[in-house]
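Just so you know, these numbers use all the heavy atoms, side chains as well, and skip hydrogens, waters and symmetry mates. Treat the numbers as computed from the prediction; the structure is a model and nothing was measured. We number each residue from 1, following the sequence as shown.
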Amino acid sequence: MERSKVYAIVDTERDYQDRKWGTPAKRPHEVGGWILLIDNALRQAKEAWAGQPNDHAALEEVRKVIGLGVACAEQHGLRPRWHGELKDRMRESAIDG
């Protein structure tokens, strides 16, 4: 699956989470709270994967894990990974943009 499609699916998960639980701005958590929520969702992904004939249920939970990580980043921000080729591409993009 193309990265752009993955991001679009994660975006739908974030929309769902915001409707269900409220936005990170309305229901903030400390970083540790987000980590606990992510850990719980990851545990559910492991349980969904164990002993199943396919990965469908586990991947549903993985989508939730990723959405929670994005929600944490929305609230607290992230620093870009600056190294090697990625650093050069990001610099070029900033110059070209």
State which residues pass side-chain hydrogen bond (donor to acceptor under 3.5 Å, both in side chains) with N40; sequence neighbours excluded, sorted by chain then number.
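If we apply the side-chain hydrogen bond (donor to acceptor under 3.5 Å, both in side chains) test to N40, skipping adjacent residues, the hits are R43.
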Can you tell me how far the NZ atom of K46 sits from the CG atom of L42, to the nearest 0.5 Å?
5.0 Å
Quick check for you: to the nearest 0.5 Å, what is the distance between L59 atom CG and I66 atom CD1?
9.0 Å
Connected via hydrophobic side-chain network under 4.5 Å: V62 and V10:
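Yes: a chain of side-chain contacts under 4.5 Å links V62 to V10.
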Taking M1 as the starting point, is it possible to reach V70 by hopping between hydrophobic residues whose side chains are less than 4.5 Å apart?
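Both belong to a single hydrophobic cluster.
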Can you give me the closest heavy-atom contact between A58 and A45, atom names plus distance?
CB-O, 3.7 Å
Quick one: which residue pairs count as a side chain to side chain donor-acceptor pair (under 3.5 Å) with a foot in residues 3-14, not counting sequence neighbours?
E13-Q17, E13-R63, R14-Q17, R14-D18, R14-E74
Listing, residues 24-38 side-chain donor-acceptor contacts under 3.5 Å, not counting sequence neighbours, or none:
{"from": "R27", "atom 1": "NH1", "to": "W21", "atom 2": "O", "distance (Å)": "3.1"}
{"from": "W34", "atom 1": "NE1", "to": "H29", "atom 2": "O", "distance (Å)": "3.4"}
{"from": "W34", "atom 1": "NE1", "to": "Q75", "atom 2": "OE1", "distance (Å)": "2.8"}

